[in-house]
Amino acid sequence: MNQDELALFAKEKYLNLETFRKNGTPVDTPVWFAEDRGTFYVYSRADAGKVKRVRNSPRARIAPCDVRGKLKGTWVDAEARVAGEAEAARGQELLNKK
């Protein structure tokens, strides 16, 4: 992600995370996030649909949005993954600070 794309999210509280079902259908989900050096952290339960979709495919897009998911900027291609234990702890720390 380049600096211009990062700047889209600098003052935002929420981003719209678009993940994809196995059949290619996109699913948009507004989530609270924290960013650190180009990595965006979001919290979700392990059994949530978005986590299941990320486990099936890392393909994703993100866009700044309000709490209800109304877009406030443009979509940016992203790669999503489930964080390991240490990285998840770092993400939780950042979210708590935010």
Side-chain angles (χ1 to χ4, degrees):
M1 185 171 292
N2 66 43
Q3 293 300 321
D4 290 336
E5 291 170 332
L6 280 174
L8 291 171
F9 299 91
K11 296 181 181 179
E12 301 296 335
K13 290 183 179 182
Y14 301 94
L15 63 78
N16 205 328
L17 173 64
E18 185 175 75
T19 53
F20 297 86
R21 293 187 174 126
K22 286 182 180 180
N23 68 6
T25 304
V27 180
D28 298 351
T29 309
V31 292
W32 187 49
F33 76 97
E35 182 269 333
D36 183 41
R37 292 178 260 166
T39 298
F40 290 79
Y41 296 91
V42 302
Y43 173 82
S44 186
R45 291 174 39 123
D47 61 350
K50 63 185 154 288
V51 175
K52 179 181 177 182
R53 290 186 296 276
V54 166
R55 284 191 175 117
N56 287 326
S57 171
R59 180 177 165 221
R61 294 193 317 163
I62 57 174
C65 70
D66 65 18
V67 68
R68 297 191 184 277
K70 182 179 177 187
L71 296 185
K72 297 168 78 177
T74 59
W75 288 103
V76 177
D77 290 331
E79 184 175 306
R81 62 185 167 77
V82 177
E85 193 173 321
E87 190 176 19
R90 173 69 178 145
Q92 189 62 55
E93 177 185 326
L94 290 167
L95 287 164
N96 289 341
K97 284 182 183 179
K98 190 171 182 179

Undergrad: Considering all heavy atoms of both residues, which atom of Asp4 and which atom of Asn2 are nearest to each other, and what is their separation?
TA: N-OD1, 3.0 Å

Undergrad: Does a side-chain heavy-atom distance below 4.5 Å link Leu17 with Arg53?
TA: no

Undergrad: Using residues 60-71 as the side-chain source, report each donor-acceptor pair under 3.5 Å to any protein atom, sequence neighbours left out, with the distance given to one decimal.
TA:
| from | atom 1 | to | atom 2 | distance (Å) |
| --- | --- | --- | --- | --- |
| Arg61 | NE | Glu18 | OE1 | 2.6 |
| Arg61 | NH2 | Glu18 | OE1 | 3.1 |
| Asp66 | OD1 | Arg68 | N | 2.9 |
| Asp66 | OD1 | Gly69 | N | 3.0 |
| Asp66 | OD1 | Lys70 | N | 2.9 |

Undergrad: List the atom of Lys98, the atom of Phe33, and the distance in Å for their closest heavy-atom pair.
TA: NZ-O, 2.7 Å

Undergrad: Check the pair Asn16 / Trp75 against side chain to side chain contact (heavy atoms under 4.5 Å, CB included), numbers first and verdict last.
TA: CA-CA 9 Å; Asn16 205 328; Trp75 288 103; 3.9 Å; yes

Undergrad: When rounded to the nearest 0.5 angstrom, what is the spacing between NZ in Lys13 and NZ in Lys72?
TA: 9.0 Å

Undergrad: What's the verdict on side chain to side chain contact (heavy atoms under 4.5 Å, CB included) for Phe40 and Leu94, showing C-alpha distance, side-chain angles and the deciding distance?
TA: CA-CA 10 Å; Phe40 290 79; Leu94 290 167; over 6 Å; no

Undergrad: Any chance you could lay out the salt bridge (charged side-chain N to carboxylate O under 4.0 Å, His left out) test for Glu87 and Arg90, step after step, and finish with the verdict?
TA: CA-CA 5 Å; Glu87 190 176 19; Arg90 173 69 178 145; over 6 Å; no

Undergrad: Do you know which two heavy atoms are closest between Arg45 and Val51, and how far apart they sit?
TA: O-CG2, 3.3 Å

Undergrad: Just so I know, are the side chains of Val42 and Lys50 near enough to count as touching, which here means a heavy-atom distance under 4.5 Å?
TA: no

Undergrad: Minimum heavy-atom separation for Leu95 to Trp32, with atom names?
TA: O-CH2, 2.9 Å

Undergrad: Just by modelled atom types, is the Arg37 backbone N or O under 3.5 Å from a matching donor or acceptor in the Glu35 side chain?
TA: yes

Undergrad: Identify whether Val76 and Val31 are in the same connected component of the hydrophobic contact network (ILVMFWY, side-chain heavy atoms under 4.5 Å).
TA: yes

Undergrad: Can you name the side-chain contact (heavy atoms from CB on, under 4.5 Å) partners of Thr74, sequence neighbours left out?
TA: Leu8

Undergrad: Looking at side-chain heavy atoms only, is the closest gap between Pro58 and Glu79 below 4.5 Å?
TA: yes

